[in-house]
Student: 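Below are the structure tokens for one structure; questions will follow.
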Amino acid sequence: MAEPLYSMSISRLAPILGRGEVSPVEVTEQFLERIGRLDEKIHAYLTVDADGALAQARNAEARRREGEATTLTGIPLALKDVLATQGLRTTCASRILENFAPPFDATVCARLRQAGAVFLGKVNMDEFAMGSSTENSAFGVTHNPWRRDHIPGGSSGGAAAAVAADLCTASLGSDTGGSIRQPASHCGVVGLKPTYGRVSRYGLVAYASSLDQIGPVTKEVRDAAILLQAIAGQDRRDSTSVPAPVPDYQEALGQDVRGLKIGVPKEYFGEGLDPDVREAVEAALKTLASLGADLVEVSLPHTEYAVATYYVVAVAEASSNLARYDGVKYGVRREGRNLMEMYYNTRASGFGAEVRRRIMLGTYALSAGYYEAYYKKASQVRMLIRRDFDAAFNKCAAIAAPVAPTPAFRIGEKIDDPLTMYLSDIFTISANLAGIPGISVPCGFSSLGLPIGLQILGPPFGEPVVLQTAYAFEQATDFHKRRPEF
Amino acid sequence: MAYEAVIGLEVHAQLLTRSKIFCGCTTQFGAPPNTQTCPVCLGMPGSLPVLNRKALEYAVKMALATNCRVAAESVFARKNYFYPDLPKGYQISQYELPLAEHGHLDIRVNGAVRRIGITRIHLEEDAGKLIHHEVRPVSFVDFNRAGVPLIEIVSEPDIRTPEEASQYLKAIRDILVYLEICDGNMEEGSLRGDANVSLRPLGTAGLGTRTELKNMNSFRFVKLALEYEIRRQRGLLAAGREIIQETRLWDASQNQTISMRGKEEAHDYRYFPDPDLAPVRIDEQWLEDLRKNLPELPAAKWQRFQDQYGLPEYDAEVLTADKALADYFEGTVKEFPHPKKVSNWIMGEFMRELKETPSLMSSVTFAASGKLLKLVEKGAISATASKGVFVEMVKTGQDPETIIQEKGLAQISDTGALEAAAREILAANPKEVADYKAGKTKVMGFFVGQLMRRTKGQANPQLANEVFKKLLNEI
């Protein structure tokens, strides 16, 4: 039987749309029907925009007819609910923005709209992207399509679960400490975090501005290249976006990895690594070696400080970024007898426990008398971590490592233990601190049948080598072809 | 015990850029509330700031004009505090690494020159404005002003008297206006000055406990507030009491400063570098170009007006207080090369009319003014009549010669015409003629006055004098 439309990758669906065998409206209707029928089991979506999606699909149809289509014209996507969509509710999975509809599109959304993509809706996440399990959503947890009593990872849990469960063709997430790669790994899909500055952050509701980056979550590596192509490039609205020219990312795919030096950081294979994960990742390294890659041991000596550094820098920035939710201008307001009380009531009831915890930590880290010891010191360690990678990339073209120390854990398992929860990002955080690109590509399954991802990291603007390596691995294996039953 | 005051000023100046510092919204004053806003200056989730290069250029100009060292790299920082007029919950400012440091400004106080150090100049964004309902306990917020570019100019505590403080602030204002980067209007708040003031025993070098004074929205209030505060502190010290470190507001209706908040309530602003903005890097060549193209500044012009035109200090001061006025003076002198006469005329007639008609300088060219002065000099019109002509020039924008002709104001320098009138006057006033003959020569003034009245001021007064003398001698 032919592959159903909903499980197709962008690169398989696009030519079918291109030949007119199926119309964007038909595809969109199929997805909307599927979401309506199945999403109650996954809860990937916070908002399904049927009217908007169908309007976009009709538009795409017209463009297809007029021969003005791009690869993405008529492709149904889901957007993490941290990306501003004009007129469409953007909640960040927070009570405080429960009814907030931005008056503008994020640059990435505008670019995808321009390309003719269809937005099915907004997908679930940890509140303000703070978390590793989607359990911090104010609107309920998302379930892992592979085992529904397990978390999908986070914070882009909805984005990864929606792709894995065929509730969209691909999605966009955001990655501040692993929030694209870790859920992609847990859901058995591909997740790419680009170099800091490669993709405009305009319209990405900020968690930690110096770490946040938007990236694609897809069924296959080629789709990640296609989506990145559409969203990458300088944006005059984002001063931190970089003017470096955008290469043709698909060109890197299919180049073999023979002789490519791939670094294996010894610090990523120490204690605390789940045996199933270790086995899968080590097998993946062997696969890469069998493809001709030259595995070399590298050292990232400051790895052990990455989590601590991250939880100072990220929360400090967050404490400031989230100050704007004060009940004055938009979002939820809880009245009080005076201004102070209004602030207290609004923020205490509007934010969830984890967000409040991080705001308090960050406020503390920036306080007079502590700034030097915390924020400043963390910024210095961050430089050391960056230098670790510079040194490593002198010895290799890309780095291969696990994405997360364990497969997806059970819902509720770590929710009361924030420190253990924070450690689930131990292998992904460094890339954000260093600003380098990284991808998660499926590389195996645990004994419970939960997916495991392989992480490929590259030097700044090394997306081509990251995609090349991940693609070579993907093509040599068939983990990406399996689909969850739920 | 004798005390001396130690005063430092923090001046905030709104920059005259067309758009806001981090977005494209207009900075125009007076629009209906919240009509000049966008997601960026409203601090909408996901919006990001982008620095307005013009604001940076203006700030650098001020730094150069006040002899500051401009940092090759400076950094925007977030100043975090909650207030409803602050849309993001933080103000984008500069902290650890400001745009410019180590400047100075020479001011003149009672004929002596005093050098006031400038600690730093940095760029920041303005906040919105709260509007409180007159009756109900409700407040509104207008974000039109949010994101208007400001520079903050911080002085060293080098100022010793309220007079010096006021002169320093005026000097800053004059430079800002000369550079055309701020309108310098304190009443409307485009220029704001806060002061730190403490007392110490005369002759000692330490620093006493200081208070910060705010809300002084005129030069006069700066002086009055500081005078009050110094008196207040001196009184406390004389009584053996302590000064409390606090922020105090100037209350113009009570002519006193009142406590606003103490040290304990002081904010911890939790400054940190703004990750949304790259460090500001100043190109050396750009800096040199700006330096080369700086206009002549008030102090230099003041000196030059004395040297080049031989004007007294006072005249130079008045003329250079306003760049447009100084330019007008120089333009007029080109037409009519008698600097002191031009200066007298500008400081007298001209400025009197300027008060009535602020647009005067655009309606009456300095060429026309020069022509008028030339006509007076030539005797074609009397000084008295010239006043009316000038008023008419301001009103109609017409050429002085046209006005003189149309109104028949040309000075009568024809002896024959004057003689006939003079004879009539003498014939009609035999008593005064007798007085004159008896040696009371003062009545000459009376005769000339009569003649002026008859000729509607057109008679050449000198000539009139001579005519009367001649006729009286003949009698």
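Throughout, protein chains are lettered first and strands after them, A, B, ... in sequence-line order, and every chain is numbered starting at 1. Note that the coordinates shown come from a computational prediction; the quantities given were computed from them, not determined experimentally.
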Student: Flag the one option from B/L51, B/V40, B/N80 with the top tally of heavy-atom pairs under 4.5 Å to chain A.
Tutor: B/N80

Student: What closest approach, in Å, do A/S320 and B/R78 show between heavy atoms, and which atom pair accounts for it?
Tutor: OG-NH1, 2.9 Å

Student: Nearest 0.5 Å, please: how far is CG in B/L48 from CG in A/D235?
Tutor: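 One finds 8.5 Å between CG of A/D235 and CG of B/L48.
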
Student: Among the options B/Y83, B/Y90, B/Y81, pick out the one with the most heavy-atom pairs lying under 4.5 Å from chain A.
Tutor: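 The residue among B/Y83, B/Y90, B/Y81 with the greatest pair count is B/Y90.
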
Student: For A/Y325, is it the side chain, the backbone, both, or neither that has a heavy atom closer than 4.5 Å to a heavy atom of chain B?
Tutor: side chain

Student: What part of A/Y196 lies closer than 4.5 angstrom to a heavy atom of chain B: side chain, backbone, both or neither?
Tutor: side chain

Student: Would you say the side-chain atoms of A/S209 pair up with the backbone N or O of B/D274, donor to acceptor, closer than 3.5 Å?
Tutor: no

Student: Atom CZ in A/F100, atom CE in B/M44: separation rounded to 0.5 Å?
Tutor: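 Reported value, rounded in 0.5 Å steps: 5.0 Å.
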
Student: Would you say A/T90 and B/P45 make side-chain contact, with heavy atoms under 4.5 Å?
Tutor: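 Result no, sub-4.5 Å side-chain heavy-atom pair not found.
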
Student: Going by atom type alone, with no hydrogens or angles, which donor-acceptor pairs under 3.5 Å involve a side-chain atom of residues 133-141 of chain B and a protein atom two or more places apart or on another chain?
Tutor:
residue, atom, partner, partner atom, Å
B/H133, ND1, B/V135, N, 3.0
B/H133, ND1, B/R136, N, 2.9
B/S139, OG, B/H132, ND1, 2.6

Student: Tell me, for A/S379 versus chain B, whether the close heavy atoms (under 4.5 Å) come from the side chain, the backbone, both or neither.
Tutor: neither

Student: Can you say whether A/A106 sits under 4.5 Å from chain B via the side chain, the backbone, both, or neither, judging by heavy atoms?
Tutor: neither

Student: Please state whether the side chain, the backbone, both or neither of A/Y343 comes within less than 4.5 Å of a heavy atom of chain B.
Tutor: side chain

Student: Can you say whether A/L322 sits under 4.5 Å from chain B via the side chain, the backbone, both, or neither, judging by heavy atoms?
Tutor: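 Contact with chain B: none, neither part.
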
Student: Does any heavy atom of chain B fall under 4.5 Å from the side chain of A/R201, the backbone, both, or neither of them?
Tutor: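 Both parts, backbone and side chain.
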
Student: Just give me the residue among A/A206, A/A365, A/A323 that pairs up with chain B most often, heavy atom to heavy atom, under 4.5 Å.
Tutor: A/A323

Student: At a 4.5 Å cut-off on heavy atoms, which part of B/Y269 comes close to chain A: side chain, backbone, both, or neither?
Tutor: neither

Student: Please classify the contact of A/V205 with chain B as side chain, backbone, both or neither, using a heavy-atom distance under 4.5 Å.
Tutor: both

Student: Would you indicate whether B/E73, at its atom CD, is surrounded by more than 12 heavy atoms from other residues, nucleotides or ligands within a distance under 6.0 Å?
Tutor: yes

Student: Counting only heavy atoms not in A/E335, do more than 12 sit closer than 6.0 Å to its CD atom?
Tutor: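 Yes - once you tally the heavy atoms of other residues, nucleotides and ligands closer than 6.0 Å, there are more than 12.
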
Student: Locate the shortest heavy-atom distance separating A/R324 from B/S47; write the atom from each residue and the value.
Tutor: NH1-OG, 4.2 Å

Student: When heavy-atom pairs shorter than 4.5 Å are enumerated against chain B, which of A/L83, A/L211, A/L97, A/N321 gives the highest number?
Tutor: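 Looking at each option in turn, the highest pair count goes to A/N321.
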
Student: Side chain, backbone, both or neither: which part of A/P102 has a heavy atom under 4.5 Å from chain B?
Tutor: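 Neither part.
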
Student: Hey, mind stepping through B/F82 and A/M340 against side chain to side chain contact (heavy atoms under 4.5 Å, CB included) and telling me if it holds?
Tutor: CA-CA 9 Å; B/F82 285 96; A/M340 268 306 148; 5.5 Å; no

Student: Can you confirm whether B/Q28 is buried at CD, in the sense that more than 12 heavy atoms of other residues, nucleotides or ligands lie under 6.0 Å from that atom?
Tutor: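 No - once you tally the heavy atoms of other residues, nucleotides and ligands closer than 6.0 Å, there are 12 at most.
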
Student: Could you report the tightest heavy-atom contact between A/Y371 and B/P273, atom names first, then the distance?
Tutor: OH-CD, 3.4 Å

Student: Which pair of heavy atoms, one from B/P275 and one from A/T240, lies closest together, and at what distance?
Tutor: O-CG2, 3.4 Å

Student: Would you find more than 12 non-hydrogen atoms of other residues, nucleotides or ligands less than 6.0 Å from A/F139 atom CZ?
Tutor: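 Yes, the 6.0 Å shell around CZ holds more than 12 heavy atoms from other groups.
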
Student: Using side-chain heavy atoms (C-beta onward) and a distance below 4.5 Å, is A/R237 in contact with B/P39?
Tutor: no

Student: Count the heavy atoms of every other residue, nucleotide or ligand shown that sit under 6.0 Å from CZ of A/R334, and state whether that count exceeds 12.
Tutor: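 Incorrect, the count does not exceed 12.
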
Student: With rounding to the nearest 0.5 Å, note down the distance linking OG in A/S210 to CZ in B/F272.
Tutor: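 Rounded to the nearest 0.5 Å, the OG-CZ separation comes out at 8.5 Å.
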
Student: May I ask you to check whether over 12 heavy atoms, not counting those of B/R210, lie within 6.0 Å of atom CZ?
Tutor: no

Student: Using non-hydrogen atoms and a 4.5 Å limit, figure out which bit of B/D276 sits close to chain A: side chain, backbone, both or neither.
Tutor: both

Student: Heavy atoms, side chains only, cut-off 4.5 Å: are B/N34 and A/K329 in contact?
Tutor: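 With C-beta onward as the side chain, the pair stays apart.
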
Student: Chain B heavy atoms under 4.5 Å from A/D212: which part of the residue, side chain, backbone, both or neither?
Tutor: neither

Student: Considering residues, nucleotides and ligands other than B/R18, do more than 12 of their heavy atoms fall under 6.0 Å from its CZ?
Tutor: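 No, not enclosed.
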
Student: Please list, chain by chain and in numerical order, all residues satisfying side chain to side chain donor-acceptor pair (under 3.5 Å) with B/D194, sequence neighbours excluded.
Tutor: B/K214

Student: B/G43, B/P49, B/C38: which one forms the most heavy-atom pairs within less than 4.5 Å of chain A?
Tutor: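 Of the candidates given, the most pairs with chain A belong to B/G43.
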
Student: Look at B/L277, B/V50, B/L86 and state which one has the largest set of heavy-atom pairs under 4.5 Å with chain A.
Tutor: B/V50

